Every structure is written in C-alpha cells, then in structure tokens.
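In what follows, chains are A, B, ... by sequence order, proteins preceding strands, each numbered from 1. Values in this document were obtained by computation on a predicted structure and should not be read as measured data. The basis for the numbers below is simple: all heavy atoms, side chains too, and nothing from hydrogens, waters or symmetry mates.
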Amino acid sequence: MDKFPYLFAAYSIVWIVIFLYVVSLDRRARRTERNLEELKRSLTQRLPG
Amino acid sequence: MSWKRFENFAGIVLPCLVGPAMIVALYLIFMVVPSERDQGIVQRIFYVHVPSAWTAFLGFFVVCGASLLFLWRGTDVWDRIAKASAEVGMVFCTLVLLTGPIWARPIWGAWWTWDPRLTMTIILWTIYASYLLLRAYGSEDDQIARYAAVLGIIGAIDIPLIVVSVRLWRGIHPAVMMSRDPQGGLRDPWMRFTLLVAALTFLLVYAWLLLVRVRALRIADEVERLHRANRIP
C-alpha cells in the first residue's frame, strides 16, 4: 500500500507524455492545414481556371 | 457552426479537459479507492479495463452509425469519421485485451481462457483489424469505402453479444455491472465514483483522438483532391 504514491507518479508521467505527444500531433496537423491553404491559394493564382 | 470551426473549438476545449481528468482519475485509482476485499490491489486494473471496453464499444458503434450515414448520404465526412473511429476504437480494444490477462493471471491462474466474452472480444478485435487492413491496402475508390462500411456495420453486431455473453453462455468472466448478486457489484461509493470518472476520462480521450484523426484524414483528402485537380502525379 505504501508504494501507491510511486505507482500514481509513474502512471501520471506516462499519461503526461502521451498527452503532450497528442498535443504535438494536433499542432502539426494544424500547421499542415495552414500550409495546405496557402498552397491552394498560390495554385489558384498561378493556374487560373 | 461549420465543421472546421467545431474542430478548432473542440481542439482547444478537449485537451484542457483531458489533462486534468487523467490526473484526477489516476489519483482516485491509486490514492482514494479502497482495495477490493477478495482480489486485493489487482482489482484496480478494473478502472482501466472496463472504461477501455466501454470506449472501444462506443468507438465501434460510431463506426457503425457513420458507415450507415455514409452508405445513405455518400458524404465523405461520414467515411472519415468511421475510419478514424475504427482506429481509435482498436486502440481501446487492444487495451482491453492487454489489461484483461494482467488481471486474469493472478485471479484465474491463466493469462487467457476461451471464455465466451473473451472469445467474442477477440472476434471483435479481428473484425475491426480486417476493416483497417481493407482501408489501408484497398484502393482509394468508393467501392472499397462501401465494402468497408458494410464490414463496419456487421462488426458492431458483436458488441451486444459480448455484453450478454456472460449470462447467455454462463462464462467465467465476472459480470460486475450486470451482477444480480446482492453482495456482488460495486458496493463502495468510491468504487462507483472512480469508475465513473475513469469512464468519462476515457470518453474525453476518445473524442480528442477521434478529432485529431478526422482532421488528419481531411487534410489527406484535400491533398489528394489538389493533386487530381492540378494533375500532379
């Protein structure tokens, strides 16, 4: 029973690492989306019609 | 509210909820909830195992619903939701199949047994693994998406069978939530509260992962459309 704080700490660290990884995935997806919008705009300017 | 605006809004709100919910759930599991009288500390895996199972079932029900809407309406957004939900559902279903044996070894004395509920769960995992393989290695045409949608709908039929299998075929898997035993089930209020918090946390994690995957699939579809529209090989 006295080891529970260590278990809590270990699991918390694992969860925090996973959490930060998903946050980074989400941010990268948003950045890719912004780049894609810019690419779309430049393509429509270069290739009208 | 447009879909993109909803994605952006949920993309901010969900991580803000998921982070604290995870820590609260872990705190309850390790620091607050009492150990079960007969099984001891091993039973605490229940607060991960059961919410994982519920979340996997939800994920596969979403695959079923989104696939039905895709077949009916033919809109790409439903196909993307179905595919993303199958992936996230598989993560949780795999967690169920990993945490179950960790509990079973000290309690049953065996890592695995061909109990009806366990067997039906591994069948469910196999059905959605096939779904994902079809999506990954089939071509990008609509025909494959429709085949996958049918598979996604049929797969969900297994879920009610898993739920009733303990009673129907008298397996050895414990039926904690469906127990008719007055001495069984979760009698301690902290146990019920911890299970509720863990289930809500897993639900939020599911929603967040689904959102991230749907966005990634939408970007991939837009890139594909751009390639086609501009004849880029």
Side-chain angles (χ1 to χ4, degrees), chain A, chain B residues 4 7-8 10-35 40-41 44-45 47-48 84 88 91 95 198 201-202 204-227 229-232:
Chain A
M1 293 292 276
D2 59 332
K3 300 286 193 291
F4 277 170
Y6 295 106
L7 268 175
F8 171 58
Y11 272 80
S12 299
I13 290 166
V14 171
W15 272 110
I16 289 165
V17 170
I18 293 169
F19 176 82
L20 293 175
Y21 176 62
V22 182
V23 168
S24 82
L25 282 181
D26 197 28
R27 280 189 171 189
R28 276 179 276 175
R30 279 168 197 247
R31 201 181 308 141
T32 310
E33 196 170 16
R34 279 197 298 274
N35 291 341
L36 185 65
E37 291 301 326
E38 277 174 28
L39 184 65
K40 268 187 201 171
R41 271 197 297 277
S42 66
L43 276 171
T44 39
Q45 280 165 8
R46 271 194 206 173
L47 308 162
Chain B
K4 271 192 183 178
E7 262 187 13
N8 289 335
I12 294 164
V13 171
L14 283 171
C16 295
L17 294 173
V18 166
M22 278 174 178
I23 301 299
V24 170
L26 284 175
Y27 184 77
L28 287 168
I29 293 168
F30 288 117
M31 309 299 287
V32 176
V33 77
S35 287
I41 60 164
R44 280 166 205 259
I45 206 163
Y47 304 106
V48 174
V88 182
V91 171
L95 271 179
T201 305
F202 276 61
L204 289 169
V205 173
Y206 162 79
W208 188 29
L209 291 177
L210 182 74
L211 187 84
V212 171
R213 276 307 289 148
V214 169
R215 175 181 282 143
L217 290 170
R218 183 167 52 73
I219 293 168
D221 281 358
E222 281 179 22
V223 170
E224 182 64 31
R225 262 200 297 276
L226 211 59
H227 272 278
N230 294 287
R231 296 189 185 86
I232 303 167

Subject >> Toward chain A, the part of B:L209 with a non-hydrogen atom under 4.5 Å >> reply: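 Only the side chain of B:L209 comes within 4.5 Å of chain A.
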
Original post:
Can you find a pair of side-chain heavy atoms, one from A:T32 and one from B:V223, that are under 4.5 Å apart?
Top reply: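 Result no, sub-4.5 Å side-chain heavy-atom pair not found.
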
Original post:
Does the side chain of B:M22 reach to within under 4.5 Å of the side chain of A:I16, using non-hydrogen atoms?
Top reply: no

**OP:** Using heavy atoms and a sub-4.5 Å threshold, report which of residues 10-17 of chain B line up against chain A, by residue number.
**Re:** B:G11, B:I12, B:P15

Original post:
Do you know the tightest heavy-atom contact between A:F8 and B:I23?
Top reply: CE1-O, 3.8 Å

Subject >> B:R225 CZ to A:L36 CG distance, which is reported to the nearest 0.5 Å >> reply: 9.5 Å

Original post:
Could you state the interatomic distance from CD (A:E33) to CZ (B:R218), rounded to the nearest 0.5 Å?
Top reply: 4.0 Å

Original post:
What residues, two or more places apart in sequence or in another chain, satisfy side chain to side chain donor-acceptor pair (under 3.5 Å) together with B:R213?
Top reply: B:E87

Original post:
Partners of A:E37 by salt bridge (Lys or Arg N to Asp or Glu O under 4.0 Å), sequence neighbours excluded?
Top reply: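 If we apply the salt bridge (Lys or Arg N to Asp or Glu O under 4.0 Å) test to A:E37, skipping adjacent residues, the hits are A:K40, B:K4.
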
Original post:
Going by the angle between their ring planes, with limits at 30° and 60°, are A:Y11 and B:F30 parallel, tilted or perpendicular?
Top reply: tilted

Return all side-chain donor-acceptor pairs below 3.5 angstrom for residues 17-26 of chain A, not counting sequence neighbours, or 'none' if the list is empty.
{"unit_1": "A:S24", "atom_1": "OG", "unit_2": "A:Y21", "atom_2": "O", "d": "2.8"}
{"unit_1": "A:S24", "atom_1": "OG", "unit_2": "A:R28", "atom_2": "NH2", "d": "3.0"}
{"unit_1": "A:D26", "atom_1": "OD1", "unit_2": "B:R215", "atom_2": "NH1", "d": "2.6"}

**OP:** Find the one option among B:V212, B:I219, B:L211 whose heavy-atom pairs under 4.5 Å with chain A are most numerous.
**Re:**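 Max contact count across the listed options: B:I219.
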
